[in-house]
Structures are given as C-alpha cells and as structure tokens.
Protein chains: 2
Amino acid sequence: MQQLEELVTSLRKEGFRITPQRIAIVEYLLKTEEHPSADHIHKTIQKKYPMVSLSTVYKTLDLLKEKKLVSEIEVEGEARFDAHTDEHINLVCMNCGKIEDVDENSLKEIQNRAAKKSKYLIVKSSFEMFGYCTNCKSKFN
Amino acid sequence: MQQLEELVTSLRKEGFRITPQRIAIVEYLLKTEEHPSADHIHKTIQKKYPMVSLSTVYKTLDLLKEKKLVSEIEVEGEARFDAHTDEHINLVCMNCGKIEDVDENSLKEIQNRAAKKSKYLIVKSSFEMFGYCTNCKSKFN
DNA sequence: CATTTAATTAGGAATTATTCCTAATAAGGA
DNA sequence: TCCTTATTAGGAATAATTCCTAATTAAATG
C-alpha cells in the first residue's frame, strides 16, 4: 500500500469521500506490521479517535479490500488485515497469534502452473503457514 | 487418508471408541471429493444415519484433524474438510464454492525456505487460490 | 453373556465474528 | 452557505462454532 496522500487522492478521484474515520484506519494500517483484526483496529484507533464504530471499520475494510489496498487472511475464524498486498507467505504463530510476512519469488510461477493445470481463472492467492514464532517455539519443543 | 479399516484399527489402538457416527463421517470423507463443510457432512450422513448430531460431527472432525487424518481450509468464514492430507493447493471457485486440489512439488521446498528465513517452527501449511472454475468462469469474463 | 465404567453422543443454549438496518451526520460540489 | 447523498453510529440480526449436561453405549472384564 502506497503513501497516505496518494491513496486519499486516488480514492477521492473515484468519488469516495475522505472521512476522518477512513483516514484513521488507513493511517494505522500503513504503519503497523501487526496484521490486526477488525476488532483490534477498532480498539486501537478509538484511543485517538473515540468516535469510530466497529461497523465503520468493517465497511472501510471492505472498501480497501475491493480496491486491493489491503489483503485479508483468515486465522482461527477471524479475519486479519495487511496493507502488504503483493503475493507473499503469511507465517502465523499458533501460540501468540503473531503474523510475519515472508517474500517468496516462486509464488507467481506456482499460481500460473496451477491455473494452467486446473483451467481455473485465478483471481487471488493466499499462502499461509502455521507454527511457532521464535519467541514461542521454546515452549513447545 | 488411508482405507477405512486401517483407520479404524489405528484409532481403536489409541483408545478411541469406534462409534457408528464416527464410521459414517470417516466413510463419507474418504469417498467424497467435495471438501464439505461440517453442516454439509451432517446433512449428507443424516440421510443414511438419521441420529447423528451436528455437534458430534464437529467433535469428530476435531479428532480427525488432531490425528492429521483430515485437513481443514477456511472459505468465507466456513471451515471445509478434506481427507487429502498431503500438502497441496486448494483452488476455490468464488462463484459456486467448488474446491479442487492441485498437487505441486515445490511446496515442501518453499516451506523449508520460509522456515529458515523466519526461524519459525512450521507445523502445517495451507495454499489457497481463489477464482472461477471452468463452469463458472464464462459468466465472469 | 452380564456387568461396569468412562468415553461419547444428542440437543439445545451460549458465544462470537460479521453483516444488516436506519436515522442522523457530514463531505464536498455548487 | 446550502444541498445532496455517501457515510456513520449503534444496535439488532445472523450464522458458524463451541460449550454444557444428562443419557447412551463401546468395549474391557470376569
């Protein structure tokens, strides 16, 4: 996801209104590496902007997903969001829930191969790995 | 997932009871290619065995997951199950919900690379691609 | 085969992430 | 500044999953 200014102007050009709620959400997503859930986003930005409702967070995330400005991954029945939209692997810690991104060049190639084999028209991919992060793995060996 | 008999004896050896409910669920999972949801499994086996409750389906799926006899993937807030437990790519049709498996040799290698880079201890992976299947894609071009 | 007992089940209630609904608000063009 | 209409807040509705408990039953034992 690009810079805040570019983003705002591009959304405005498409006829979307730039509200303080949207700015707060986008701003937070741009600077965090946490892969937050909707609820987490809501709680976090409420500290700074108390008047943001959870339903607005959901609605804004829908918009950003549609514009492909954020990507979504599902972890344990909960959606988590990320402004890193290139194809990458998400590593999910099964203990603390932390998610780390790992770049991997071959994903596009794999996607092409799968598309050819299956004859599906592929729109997006999601690569997840589950395990234990460096902090947590010592507890589970 | 192996044959029914092997499975049953291996579970029994571990002290689990072999109930008609569990047999029905395992039997169905072994023969279908549908990647059914818990609810779908429930509805399907109820035709043959009317006295199987949804909570038993959920509990049995938990057991099978723990024993790594089925794998789970999440699609649109719903878990779908598959007796195909080797690492593979799941192609999900965004129109009809059909899921197709595609084998891909390089997944293990990618997993190893990601583990090394991130220092995570990786337990399982999930590779999903979303798009339109051969039947549905003509409607969306 | 009858008895025992602990695992399993049915059924519904509780939980929880997400979506839906609507009146009130406010962004941005005129 | 005014007007139009997209957006929001807040809570109710929805739906998948988990939890709870009394009743059932698999299977070990004698």
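Per chain, numbering begins at 1; letters A, B, ... match sequence-line order.
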**OP:** Take B:E66 and B:K68, measure what salt bridge (charged side-chain N to carboxylate O under 4.0 Å, His left out) needs, and give me the verdict at the end.
**Re:** CA-CA 5 Å; B:E66 211 180 289; B:K68 299 202 186 284; over 6 Å; no
**OP:** Would you indicate which nucleotide in D:dT8, D:dC19, C:dT9 comes nearest to any side-chain atom of B:S55?
**Re:** D:dC19
Subject >> Between C:dG11 (P) and B:Q46 (CD): distance, integer Å >> reply: 9 Å
**OP:** Starting from P on C:dG28, measure out to CZ on A:F16 and report it in whole angstrom.
**Re:** 13 Å
**OP:** Measure from CD1 on A:I23 to C1' on C:dG28 and round the result to the nearest Å.
**Re:** 13 Å
Subject >> Phosphate OP1/OP2 of D:dT8 contacted by A:T19 side-chain N/O (<4.0 Å) >> reply: yes
Subject >> Listed nucleotide nearest any side-chain atom of A:K59, set D:dT8, D:dT17, C:dT9 >> reply: D:dT8
Original post:
Between C:dA7 atom P and B:Q21 atom CD, what is the distance in whole Å?
Top reply: 17 Å
Original post:
When you check the phosphate oxygens OP1 and OP2 of D:dT8, does a side-chain N or O of A:R22 lie under 4.0 Å from one of them?
Top reply: yes
**OP:** Output yes when at least one side-chain N/O atom of A:R17 is less than 4.0 Å from OP1 or OP2 of C:dA26, else no.
**Re:** no
**OP:** Please state how far atom CZ in B:R80 lies from atom C1' in D:dA15, giving the value in whole angstrom units.
**Re:** 16 Å
**OP:** Considering non-hydrogen atoms only, spot the tightest contact between A:C133 and A:C93 and give its length.
**Re:** N-SG, 3.4 Å
Subject >> Of B:G15 and B:P50, the one whose closest DNA chain C nucleotide lies more 5' >> reply: B:G15
**OP:** Identify, between B:D39 and A:S53, the residue whose nearest nucleotide on DNA chain D lies closer to the 5' end.
**Re:** A:S53
Subject >> Closest approach of A:A24 to A:I45 (non-hydrogen atoms, all atoms of both residues) >> reply: O-CG2, 3.9 Å
Subject >> Note: A:K98-A:E34 ion pair, threshold 4.0 Å (strictly below) >> reply: no
Original post:
Whole Å only: how far is the CG atom of A:L54 from the P atom of D:dA13?
Top reply: 17 Å
Original post:
Roughly how many Å is it from CG in A:D62 to P in D:dA6, rounded to a whole number?
Top reply: 17 Å
Subject >> Value in whole Å for how far the P atom of D:dT7 lies from CG of A:L61 >> reply: 15 Å
**OP:** Would you please confirm or rule out a distance under 4.0 Å between OP1 or OP2 of D:dT18 and any side-chain N or O of B:Y58?
**Re:** no
Original post:
Going by heavy atoms in the side chains, are B:L29 and B:L61 under 4.5 Å from each other?
Top reply: yes
**OP:** By nearest nucleotide on DNA chain D, pick out whichever of B:E76 and B:R12 is the more 5' one.
**Re:** B:E76
